[in-house]
Amino acid sequence: MTADEKEEKTQEKWEVQLRKGTLELVILAALQHRTLYGLQLLKLLQSFKSAAITEGTLYPLLDRLKREGIVDAQWVQEGDVRPRKYYSLTATGHHKLADLITLWRQSVLDIEFLLAHPGPDVLPVQGE
Amino acid sequence: MEQHDVIHQYLKQLERYLARLDKTEAQEVLKEIESHIFDALEQQQHSGQVVDAKAILQGFGEPRQLALAYVAHITNGAPLPAGFKAIQKVKQGVTATLYYAMAAFGFSIAFALFFTAGAKVIMPDSVGTWSAGDGYSLAVGFFAAPYPADQELLGVWFIPIATFSALLVITLTRKVLRVLKDNM
């Protein structure tokens with residue numbers, strides 16, 4: 001394996017980790033004041049580079065979120081088309097989203113702060 | 001047609017691997033995935049792409065893996081401490097052994113009963129039920145040197161009785177196996 005290939009692989013791993021870590025937030029954000037069925041949600045997520053997931057990841061995750069009371073699901077039949085299962089956030093889901101947003105924004109702020117303040121200047125350490 | 005076969009086969013396999021879920025829960029999962037697949041197929045058709053069920057199924061992954069993700073909350077409701085995994089494996093192994101031993105036991109008895117019923121048709125004098133020792137012991141079977149014919153108890157009735165018993169044993173064995181499988 002060349003150095004370039006190695007670097008590419010590390011980057012890919014990091015992307016996978018990042019996507020995994022933010023997936024729940026991404027799904028809740030996509031369902032914010034919006035009702036979508038599985039295929040719609042999948043296509044929406046796949047249209048973003050950092051949120052492209054597969055069917056095999058999405059559906060079991062929606063199943064878990066439903067069991068945890070974070071999303072609600074409803075079968076809807078429109079006209080002659082086959083019934084589709086629509087997902088929306090519950091009240092618990094909205095609270096959870098608010099919590100995740102706080103964590104996410106803090107994390108972005110912290111990283112951005114570090115990036116904006118390179119060495120050799122000494123940074124004040126919080127709590128000291 | 002071929003596309004539909006691929007889909008049905010996938011859903012059938014998935015259904016088998018979802019056996020640990022409640023029947024209604026499993027049906028709900030299957031219904032949703034089926035709805036997704038046919039929706040996605042129609043979208044391919046409308047947008048003039050090549051209709052390819054396999055490509056859609058690929059996104060779902062292997063049926064076994066997909067089912068595992070759905071049953072994960074049952075199999076690891078509470079994460080086990082390290083080291084306990086081995087114990088769980090042994091327990092699973094025992095259940096699997098018990099399952100196959102039960103199947104072998106039940107079905108071989110049923111086979112033996114069918115076999116004697118068939119043998120009675122071909123060699124009526126060598127097969128049957130005899131009482132010996134003044135009714136203290138009973139011999140059922142297939143003998144090279146048969147007991148005196150006048151002591152044979154069932155005569156031609158042996159055939160329906162043995163066949164019925166075989167069917168009963170098969171039914172009971174299947175019932176027991178189903179219970180074992182649910183607890184595997």
Side-chain angles (χ1 to χ4, degrees), chain A residues 16 19-21 23-24 26-27 30-31 34-90 92-93 96, chain B residues 3-4 6-8 10-11 13-15 17-18 20-47 49 51-79:
Chain A
V16 171
R19 192 164 18 200
K20 252 192 205 167
L23 190 55
E24 202 165 321
V26 167
I27 288 180
L31 289 175
R34 201 180 280 127
T35 302
L36 299 172
Y37 61 92
L39 184 58
Q40 268 181 328
L41 181 55
L42 184 82
K43 296 270 170 196
L44 176 65
L45 297 182
Q46 285 180 345
S47 68
F48 297 101
K49 190 171 172 285
S50 70
I53 56 164
T54 63
E55 292 86 336
T57 305
L58 177 66
Y59 282 102
L61 180 59
L62 285 172
D63 184 61
R64 175 169 71 77
L65 294 175
K66 187 171 165 247
R67 253 182 294 110
E68 290 173 356
I70 292 169
V71 301
D72 202 11
Q74 206 100 44
W75 283 97
V76 177
Q77 166 111 46
E78 304 149 291
D80 313 332
V81 291
R82 68 183 62 78
R84 288 159 173 167
K85 198 174 173 183
Y86 280 84
Y87 291 90
S88 56
L89 292 189
T90 61
T92 316
K96 172 114 193 192
Chain B
Q3 301 279 348
H4 285 215
V6 174
I7 295 165
H8 285 301
Y10 184 92
L11 290 172
Q13 279 185 30
L14 182 63
E15 184 175 14
Y17 289 121
L18 287 174
R20 278 191 183 192
L21 291 184
D22 245 33
K23 215 169 193 150
T24 40
E25 269 182 69
Q27 287 309 317
E28 172 103 13
V29 170
L30 289 166
K31 188 176 161 193
E32 182 175 27
I33 291 176
E34 187 180 7
S35 161
H36 174 109
I37 295 169
F38 286 106
D39 258 359
L41 269 185
E42 270 171 28
Q43 285 195 1
Q44 282 182 342
Q45 270 167 347
H46 284 307
S47 60
Q49 290 174 31
V51 176
D52 186 359
K54 275 192 186 145
I56 297 167
L57 294 177
Q58 210 164 30
F60 282 100
E62 289 294 314
R64 203 168 78 93
Q65 291 303 321
L66 182 62
L68 275 178
Y70 275 107
V71 301
H73 67 285
I74 299 175
T75 39
N76 39 339

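Residue numbering restarts at 1 for every chain, and letters A, B, ... go by the order of the sequence lines.
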Next on the checklist: Please classify the contact of A/L61 with chain B as side chain, backbone, both or neither, using a heavy-atom distance under 4.5 Å.
Outcome noted: neither

Next on the checklist: For B/Q44, is the CD atom crowded, meaning more than 12 foreign heavy atoms sit under 6.0 Å from it?
Outcome noted: yes

Please report the shortest heavy-atom distance between [X] and [Y], naming the atom on each side.
X	Y	answer
B/G59	A/E55	CA-OE1, 3.1 Å
B/A40	A/L39	N-CD2, 3.8 Å
A/P83	B/S35	O-OG, 3.1 Å

Item to check | Close approach to chain B in residues 62-72 of chain A, criterion heavy atom under 4.5 Å | outcome: A/D63, A/R67

Checklist entry - In terms of side-chain geometry, is the basic nitrogen of B/E28 or A/K85 positioned less than 4.0 Å from the acidic oxygen of its partner? => result yes

Next on the checklist: Parallel, tilted or perpendicular, judged at 30° and 60°: which one describes the rings of A/Y59 and B/H36?
Outcome noted: perpendicular

Checklist entry - Based on non-hydrogen pairs under 4.5 Å, which of B/Q65, B/E32, B/Q43, B/E42 is most in contact with chain A? => result B/E32

Checklist entry - What's the spacing between B/D39 CG and A/R82 CZ if we round to 0.5 Å? => result 5.5 Å

Next on the checklist: Taking side chain as everything from C-beta outward and backbone as N, CA, C, O, which of these in B/Q58 sits under 4.5 Å from a heavy atom of chain A? Side chain, backbone, both or neither.
Outcome noted: neither

